[in-house]
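Below you'll find the structure, written out as structure tokens, and then a few comments.
Hydrogens, waters and symmetry mates play no part in the numbers below; they use all other heavy atoms, side chains included.
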Amino acid sequence: MTDLVAVWEVALSDGVHKIEFEHGTTSGKRVVYVNGKEVIRKEWMFKLVGKETFCVGTAKTKATINIDAVSGFAYEYTLEINGKSLKKYMENRSKTTNTWVLHLDNEDFRVVLEKDTMDVWCNGKKMETAGEFVDDGTETHFSIGNHDCYIKAVSSGKRKEGIIHSLIVDNREIPEISC
């Protein structure tokens, strides 16, 4: 990877994906890697600007690398996810998902709740869940190994804050991370 010009990390529900881009401005080469695996390779591209579109993750999320000339032989590389700049996508994602990281049985787990669908993901796999109404909200139950887990959804009582989601594992609340 001698022509590596950009590296991004993208957090999706199924995990954090590393995207690398090689751009050979003398050879016209373009290569895209997702998690170290080559997904696009083009040689002898005479047009040095443009875009490369590919999919990332289990849900086949659309990603596009834009290649723009800034001056002379200098180039700018930007990543779009689902048609939005990476920054905008991540800002929007922080509103539509909750993420927790925990350590159980000598193993790290990343749990993601997609608030719009109530899908729960753990280390890249969509979990089997069971929803239940309780006095003060709802609980979405699932298991990690032999650990009982649930995500509790309760109203904040404040319109701007909306619903508060908490992850409970073995009757212990896990703090949320901001991603």
> Ion pair present between Glu9 and Lys18, side-chain N to carboxylate O less than 4.0 angstrom?
Replying inline: no
> For the atom pair NZ (Lys115) and CD1 (Ile151), what is the distance rounded to the nearest 0.5 Å?
Replying inline: 11.0 Å
>> Check the orientation of Tyr77 and Tyr75. Use parallel for under 30°, tilted for 30 to 60°, and perpendicular for over 60°.
In response: tilted
>> With rounding to the nearest 0.5 angstrom, report the CG to CG distance, Asp170 to Asn146.
In response: 8.0 Å
>> As an exercise, state the distance from CD1 of Ile144 to CG of Asp105, rounded to the nearest 0.5 Å.
In response: 10.0 Å
> Is the shortest side-chain N to carboxylate O distance from Arg30 to Glu22 below 4.0 Å?
Replying inline: no
> CD of Glu52 to CD1 of Ile40: how many Å apart, nearest 0.5 Å?
Replying inline: 5.0 Å
>> Checking Val31 against Tyr33 for the side chain to side chain contact (heavy atoms under 4.5 Å, CB included) test, could you report, in this order, the C-alpha distance in whole Å, the side-chain angles of both residues, the deciding distance, and whether it holds?
In response: CA-CA 7 Å; Val31 186; Tyr33 298 91; 3.5 Å; yes
> Would you call Ile67 and His23 a side-chain contact if the rule is heavy atoms closer than 4.5 Å?
Replying inline: yes
>> Tell me whether the count of non-hydrogen atoms from other residues, nucleotides or ligands lying under 6.0 Å of NZ in Lys152 goes above 12.
In response: yes
> Do the side-chain N and O atoms of Thr140 and Thr129 include a donor-acceptor pair separated by under 3.5 angstrom?
Replying inline: no
>> Show the nearest heavy-atom pair for residues Ser143 and Met127, with the distance to one decimal.
In response: O-CE, 3.0 Å
>> Using the side chain to side chain contact (heavy atoms under 4.5 Å, CB included) definition, which of the options Val169, Ile174, Leu102 pairs with Val111?
In response: Leu102
>> I'd like to know if Glu43 pairs up with Arg41 as an ion pair, taking the criterion as any Lys NZ or Arg NE/NH1/NH2 lying under 4.0 Å from an Asp or Glu carboxylate oxygen.
In response: yes
>> Quick one, Phe54 and Ile19 - any side-chain contact, counting heavy atoms below 4.5 Å?
In response: yes
>> Between Glu91 and Lys87, does any NZ, NE, NH1 or NH2 come within less than 4.0 Å of an OD or OE carboxylate oxygen?
In response: yes
